[in-house]
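What follows is a short report on a single structure.
Lettering follows sequence order; numbering is per chain, from 1.
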There are 2 protein chains.
Amino acid sequence: MLHEDRPVCILGLGLIGGSIMRDVQARGRRVFGWDRTQSTVTKIIDDGFDASNDCSAVLERAGEEDALVVIATPMSTVGTMLDHIAHHAPTCGITDVVSVKQAVIREVRARGMQDRFVGGHPMSGTSHNGWDASQTGLFTGAPWVVTFDNAPTDDSDGGRWLREWMSVVNLAYDVGAEVIPARAQSHDAAVARISHLPHVLADALAVAGDKGGALALSLAAGSFRDGTRVAGSDPGLTEAMCENNVEEVLRAIEEVQTMLDEARASLRATPPTVAELADAGHRSRIRYEARTGKRPVLRLHPGDAGWVDQLKQAENLGARIEVF
Amino acid sequence: MLHEDRPVCILGLGLIGGSIMRDVQARGRRVFGWDRTQSTVTKIIDDGFDASNDCSAVLERAGEEDALVVIATPMSTVGTMLDHIAHHAPTCGITDVVSVKQAVIREVRARGMQDRFVGGHPMSGTSHNGWDASQTGLFTGAPWVVTFDNAPTDDSDGGRWLREWMSVVNLAYDVGAEVIPARAQSHDAAVARISHLPHVLADALAVAGDKGGALALSLAAGSFRDGTRVAGSDPGLTEAMCENNVEEVLRAIEEVQTMLDEARASLRATPPTVAELADAGHRSRIRYEARTGKRPVLRLHPGDAGWVDQLKQAENLGARIEVF
């Protein structure tokens, strides 16, 4: 890991963008950003940070300083942000922090900007949003997925993409995160199963409990409380996750539906049983528990022969990488 | 609430039966019990409690002392326990602590013992089983459902059933629980939604995550951890709950299936959306949170005119009752 002096320019200073800004500045690295809301910008400046709500000016400065531009706005505005970057900072490296990756890469490719784009997904959040919820240390030990779909198969771009990739990895290291390489489709399929599906099931369970009326809610205890917890978060986040990851979420829901179909069939049998699902669920949870906090580590030197294969291997293992 | 000196005889001294024994003895009330495992019985006696593994002798003593007999064995052995009670303690009042109520009442009615039976379900547990996991205070503030399906419509039994009902309510009070009256079908429908369904969904989610491989498990965070937590408990418990409450669990799963069908259809639409489910789930969870810790209270005098209607009202409200 190399110390990097390249400034960071963050577009969107909410929970994620704001927390990145706090950590980067705390490391003594130059960081500035844009937010669309003037009152938020005023607050940010009062808090001692460098922010503006003039997007063109911020991006022109990013271009002059060769900053790494971080798109930290919702998926629905990523295309617009890319257009602004193309216009005002036509040479800057770009990353993003959106919770889906294929949809972002589609927008990037539609504009031919893939040679300077590396996707990211810092997987850390709280149930609160906005600059006021941002904090230092939010990403300490958290996974930060970095994509490598656009890795060139030869050195035709003179190492341009590799430089951007390293810059994004260093940003993640600067805020204390663990870097997990994954291609966009692998990432989206994984988060559909372990993040988007849990939200959908929590919502369905919450409704099913509620339909049981006052007696059901009165008797609800730990299993219902934990199973519905994320239904308490902003439904707009669930919508944004699922609606930008439709194919993978559909696949995950269909798998659950198949399991529930089989469970119902075996419950209707004589004698009734749910042993298959209960045993499989238990084994799966035990495997998950056994892995928790024990992410494998893979050391690699970016640009070495076969290094992209090492990234694929790390993706396959869910490993974090250390670069040297 | 009356202080009651009637001894308590507990059949099955695992987590629930053992914890009841500890609390009842701590109150200075006579309690003794049976467990089928001699080594467990030896341990219980060493711990200063009155236990035996001679079921006939224990029940004959229960008959002599007019004890309240508590069936604290798994559902699969309830019929056998009732046969033993019919034979060795033909006049004792009976309750149980099984997590389903219709299946127990069917066994009771099949033996014509309903005039001296009142079902119970203390809703407190840990992820551990057996006497070694039992503890004082396990039921403090926990809901303890007491059934009233067998309440006579007149006084033809000379108040026999009412006496047993009061005895079960007093037992729940003695261990610090909150008494929630509910008929067996209402109870089973409620727990299918807020306890059995959460286990089924946790299992399905755990499997869906596991099928995502190492990358998915590596990225799994709070939503997956909480959504699968109960899949980590003994799968035998999930099986016992669901397999003894088939109709209600099927109904709950079918409701979830319908919601998931609708969510998939709306995700396939243009533009894709899951707003309906996400919003409904959020509203439901907020309603649940608003109720948590705020169970309504209904005061009643057992045996008064209309008191069974008051029990029905409490069931409908999910209220705890105070008797005077």
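When A:T238, A:T292, A:L250 are compared by the number of non-hydrogen pairs under 4.5 Å with chain B, A:L250 comes out ahead. Among B:A142, B:G232, B:A280, B:S223, the residue making the largest number of heavy-atom pairs under 4.5 Å with chain A is B:S223. Among A:E239, A:Q257, A:K294, the residue making the largest number of heavy-atom pairs under 4.5 Å with chain B is A:Q257. If you tally non-hydrogen atom pairs under 4.5 Å between each of B:G212, B:A190, B:G222, B:A231 and chain A, the highest count goes to B:A231. Interface summary for chain A: among B:G227, B:P272, B:G209, the most heavy-atom pairs under 4.5 angstrom belong to B:P272. If you tally non-hydrogen atom pairs under 4.5 Å between each of A:V191, A:D261, A:V256, A:L277 and chain B, the highest count goes to A:L277. Looking only at heavy-atom pairs under 4.5 Å with chain A, the residue among B:A275, B:P143, B:C242 that has the most is B:A275. Your options are B:V230, B:V274, B:L197, and the one with the most heavy-atom pairs under 4.5 Å with chain A is B:V274. Put simply, of B:V246, B:L260, B:T258, the one with the most heavy-atom pairs under 4.5 Å next to chain A is B:L260.
Proximity to chain B is absent for every atom of A:A189, based on heavy atoms less than 4.5 angstrom apart. With a 4.5 Å cut-off on non-hydrogen atoms, B:R264 touches chain A through its backbone and its side chain both. Within the 4.5 angstrom heavy-atom criterion, only side-chain atoms of A:E255, from C-beta onward, approach chain B. Of the atoms belonging to B:A202, not a single heavy atom falls under 4.5 Å from chain A. For a residue to count as touching a neighbouring chain, one of its non-hydrogen atoms must lie under 4.5 Å from one of that chain's; by this rule A:E289 touches chain B with the side chain only.
Checking side-chain atoms of A:S195 against main-chain N and O of B:F224 turns up no donor-acceptor pair under 3.5 Å. Side chain of A:R295 to main chain of B:S218: a donor-acceptor pair is present (N/O by atom type, distance under 3.5 Å, no hydrogens or angles). Without hydrogens or angle criteria, A:H282 side chain to B:D234 main chain gives no donor-acceptor distance under 3.5 Å.
To the nearest 0.5 Å, atom CD of residue B:E243 and atom OG of residue A:S266 are 8.0 Å apart. Rounding to the nearest 0.5 angstrom, the gap separating the CD atom in A:E276 from the CG atom in B:D203 is 11.5 Å. Atom NE2 in B:H187 sits 6.5 Å away from atom CG in A:L219 (nearest 0.5 Å). Distance check, rounded to the nearest 0.5 Å: CZ of B:R287 to CG of A:L217 gives 8.5 Å. How far CZ of B:R229 is from CZ of A:R225: 6.5 Å, rounded to the nearest 0.5 Å. From A:N245, atom CG reaches atom CG of B:L267 across 9.5 Å, with rounding to the nearest 0.5 Å.
Salt bridge absent: B:K211 and A:E254 never bring a charged side-chain N and a carboxylate O closer than 4.0 Å.
The one candidate from B:I194, B:I180, B:N316 that meets the side-chain contact (heavy atoms from CB on, under 4.5 Å) condition with A:L215 is B:I180.
Using a 4.5 Å heavy-atom cutoff, the side chains of B:V200 and A:M259 are not in contact.
Minimum interatomic distance between B:G281 and A:A206 (heavy atoms only, all atoms of both residues): O-CB, 3.6 Å.
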